[in-house]
Amino acid sequence: MAENDAVAQTFRALVEGADQKFARVRDIPAYGRVTSHYYFQKVFKAYTRLWKYQQEHRGDLLKSGLNRWEIGEIASRIGQLYFSQYMRTSEARFLVEAYIFYEAILSRRYFEESKGYSKDLGVRFKELRFYARFLLVSLILKRTDMVKALVDRFKAVVEDSKAAFRETNFKEWKQVVQEVVHFVKVDTAFMDVRPLRYCGMFDSHPASLPYVTRFHAKKVLKFQDALLTSYHRNEVKFAELTLDTFRMLQCLEWEPSESFYQKRPVESNGNGTSIDHSGASGLIDIKLTADMTDPSLTPNPRKAILYRPSVAHLIAVMATISEELPPDSVMLLYLSASGKASPSSNIAQMESSGGSRKSSKNKVTFQFSQEQNSNMSESSINHKGESSGYYDSCLWFGSRGHRGSNNLYPGDIIPFTRRPLFLIIDSDNSHAFKVLHGAERGEPAALLLSPLRPAFKNPSNADLSQNGSQFTFFLTAPLPAFCQMVGLSSPDTDSDVYNDAENILSTAFAKWEVILCTSTSVDIVWAQVLNDPFIRRLILRFIFCQSVLLLFCPSEDSDQYLPACLPHLPSSVSPNSEVVRSSVVRLAKHFRVADYFHFDDM
């Protein structure tokens, strides 16, 4: 008995020490290049020691009262560590390791089989947090089958909790369930089988590869850092990840090889027993220097993802990243936010004939918020929606009240143009940021600006709170965005037809890639980032988005419906150029939606 007590006492001390180190690294900011590797090694070492100790003394610990949920909690902490390290580094190996640990907790039912489980409210909350964290990891990894299973289990546990603990309010957990159900519904609304991440099978075009390889600008910038944030009322989100940042996050990463998703094999240790290297039942194999991607590929750019930041915090993070940006590197800044500060949203409709204009069924409805324009005074915005000054118009980050402190103005970004900047603004007030072009303080910035209004065949799709941003969707998943725009859904589209459409788009991108890499008129701002596969893919998708919307939207007020880029891309890939226009025509005819477009008017 004394020996069991000593083992239990040592175990509790190891748990306390590991938890203290965990609390320290949890508070380290997930942005900037301040090294945290040393601290993570220390906390991983502490949990490795703890895990090995409980494995070696499992029998004695069980006799002294160790619960299975305590083992699950340790494994869950390790999963959290891996996930937090992924969020700091964007290295896929950490995300996959987190998944392995969480999957092992689920399969071994550590929380479910605890003695007295149904009566322990604290254990129940630990289980709920485990499901929420595992869901987030599975969503980012696009493990669709696991997500569906986890959602069903999560819903069942929440319902059971309400019945088992009647005196406890589980309203917040019900809201979490509703969030993830909505998020999954929107994320899986289209049959797009290809990943959002950069995948060689889909995104490397053999026809254009030689031209991309030979292309070399006078100055070449490396893309290593990005800042992503969005702030909209009632936007689709789960936990602290909004749908728009979720899509952009994946768009800026390599797709890991399928082999990296598989568990490590179970190996014999030579004495008749086995060591399971899956992560949650044997030795914790922490190889912080190992990599899980093709060594010939550039690393994933680090991404600071801010959830509903204050403007002061946003600017502070921008300053940190800009200050620590390596030489000859570019920072990508993605901002998705409303251009006004209004407590409510009034939706209006404007109908305009589409396609042949011979039938009312061909009418295309364009939905937009009247507030997008009424909020901005005529003295600040000219008839094209462009700002007349650096502080006349803004993006809005924040809740009701304190509007001045929640406003991000074009002038707030100017100081950061002392370093190379690739700026993507998705807003109903994005064109106000055109004033940045020519106002840079050191390096000319690349600007991709969204339309002021979305355009859809089906008016219900225009609700950002239901589907996310159309412009971001085009940049991250162009074919599903096209289908959503014209009102096509997965049940409406044959898989072979959809796959052929993917080939049409891939062929078009390869042609445009050759044009960009051989053009003598491409601005240095674009030329210096064309070597980067992630940014090059964004540029190609912008060209597609711009041409599609030009041909889809009515000619009157067309500026409201079109994205803009500054400086301008070569005229050879303009929306009306034959090589771009013909690809849109071919795609529309392939889906039999050509009547929705204004091909004859151009």
Side-chain angles (χ1 to χ4, degrees), residues 219 221 223 225-231 248 304 306 309 311-312 314-323 325 329-340 372-373 375-377 379-397 404 406-452 469 471-472 475 522-530 535 538-539 542 545-546 559-560 562-569:
K219 181 179 181 181
L221 298 178
F223 172 37
D225 292 273
L227 193 162
L228 316 176
T229 188
S230 67
Y231 197 123
M248 191 59 68
L306 303 184
V311 169
L314 175 60
I315 292 176
V317 177
M318 289 169 59
T320 298
I321 297 176
S322 180
E323 174 68 20
L325 198 66
S329 296
V330 61
M331 176 175 69
L332 185 147
L333 178 59
Y334 168 80
L335 303 174
S336 177
S338 172
K340 72 277 182 183
Q372 292 171 355
N373 296 319
N375 186 265
M376 296 178 287
S377 66
S379 61
S380 298
I381 307 298
N382 63 25
H383 68 283
K384 292 185 178 180
E386 300 170 356
S387 174
S388 59
Y390 304 140
Y391 295 95
D392 291 338
S393 199
C394 62
L395 301 184
W396 176 54
F397 291 84
N406 292 331
N407 295 341
L408 181 73
Y409 296 92
D412 294 328
I413 297 178
I414 290 178
F416 303 104
T417 60
R418 290 177 171 86
R419 304 298 303 276
L421 181 65
F422 192 99
L423 181 62
I424 302 174
I425 294 185
D426 193 346
S427 171
D428 51 22
N429 195 25
S430 63
H431 290 193
F433 286 75
K434 289 181 178 180
V435 297
L436 292 176
H437 182 57
E440 298 92 343
R441 291 296 182 260
E443 297 281 345
L447 308 179
L448 296 184
L449 308 175
S450 73
L452 304 183
S469 161
F471 183 61
T472 296
L475 294 182
V522 61
D523 194 284
I524 185 60
V525 172
W526 305 112
Q528 64 190 3
V529 294
L530 274 179
I535 292 183
L538 286 172
I539 294 172
F542 175 87
C545 173
Q546 190 177 41
D559 286 350
Q560 301 287 321
L562 297 182
C565 69
L566 291 170
H568 296 297
L569 290 165

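Residues: numbered from 1 along the sequence shown.
Applying the side chain to side chain donor-acceptor pair (under 3.5 Å) definition to pairs two or more places apart or across chains, those involving residues 436-449 are Lys219-Glu443.
With hydrogens and angles disregarded, a donor-acceptor distance shorter than 3.5 Å links the side chain of Asp426 to the backbone of Thr472. With Asn406 contributing its side chain and Trp396 its backbone, the two residues share no donor-acceptor pair below 3.5 Å. Put simply, the side chain of His431 never gets that close to the backbone of Pro563: no donor and acceptor are under 3.5 Å apart. Counting only distance, with no hydrogens or angles, the side chain of Asp428 and the backbone of Gly339 share a donor-acceptor pair below 3.5 Å.
Across all non-hydrogen atoms, the minimal contact from Ala564 to Lys434 is CB-CE, 4.0 Å. Between Asn407 and Cys394 the shortest heavy-atom distance is CG-SG, 3.5 Å. The two residues Ala226 and Ile321 have their closest heavy-atom pair at O-CD1, 4.3 Å. Listed here is the closest heavy atom pair of Ile414 and Ala439: CG2-O, 3.7 Å. Among all heavy-atom pairs drawn from Ala445 and Pro567, the shortest one is O-CD, 3.8 Å. Pro420 approaches Leu325 most closely through the heavy-atom pair O-CD2, 4.2 Å.
Distance CD1/Ile413 to CG/Leu436: 5.5 Å, rounded to 0.5 Å. The distance from the SG atom of Cys565 to the CG atom of Leu423 is 12.5 Å, given to the nearest 0.5 Å. Ser336 contributes atom OG, which lies 8.5 Å from atom CE of Met248 (distance to the nearest 0.5 angstrom). The structure places CG of Asp225 at 8.5 Å from CE of Met331, a figure rounded to the nearest 0.5 Å. Interatomic distance, Leu221 CG to Ser329 OG, rounded to the nearest 0.5 Å: 7.5 Å. Interatomic distance, SG of Cys545 versus CG of Leu562, reported as 9.0 Å (0.5 Å rounding).
The side-chain contact (heavy atoms from CB on, under 4.5 Å) search around Ala446 returns Phe422, Val525, Trp526, not counting sequence neighbours. Remark: Leu314 pairs with Leu227, Thr229, Leu306, Pro309, Met318, Leu335, Phe397, Leu408 by the side-chain contact (heavy atoms from CB on, under 4.5 Å) rule, at least two apart or across chains. Ala316 pairs by the side-chain contact (heavy atoms from CB on, under 4.5 Å) definition with nothing, not counting sequence neighbours. Ser427 is linked by a side-chain hydrogen bond (donor to acceptor under 3.5 Å, both in side chains) to nothing, counting only residues two or more places apart in sequence or in another chain.
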For Leu449 and Phe471, what are the C-alpha separation, side-chain angles and deciding distance, and is it a side-chain contact (heavy atoms from CB on, under 4.5 Å)?
-> CA-CA 9 Å; Leu449 308 175; Phe471 183 61; over 6 Å; no
Can you check side-chain contact (heavy atoms from CB on, under 4.5 Å) on Ser430 and Leu452, steps first, answer last?
-> CA-CA 7 Å; Ser430 63; Leu452 304 183; 3.9 Å; yes
Could you walk me through whether Phe433 and Leu395 pass the side-chain contact (heavy atoms from CB on, under 4.5 Å) test, one step at a time?
-> CA-CA 10 Å; Phe433 286 75; Leu395 301 184; 3.6 Å; yes
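The shortest side-chain heavy-atom distance between Leu447 and Ile425 does not fall under the 4.5 Å cut-off.
Taking the six-membered ring for Trp and thresholds of 30 and 60 degrees, Tyr391 and Tyr409 have ring planes inclined between 30 and 60 degrees apart.
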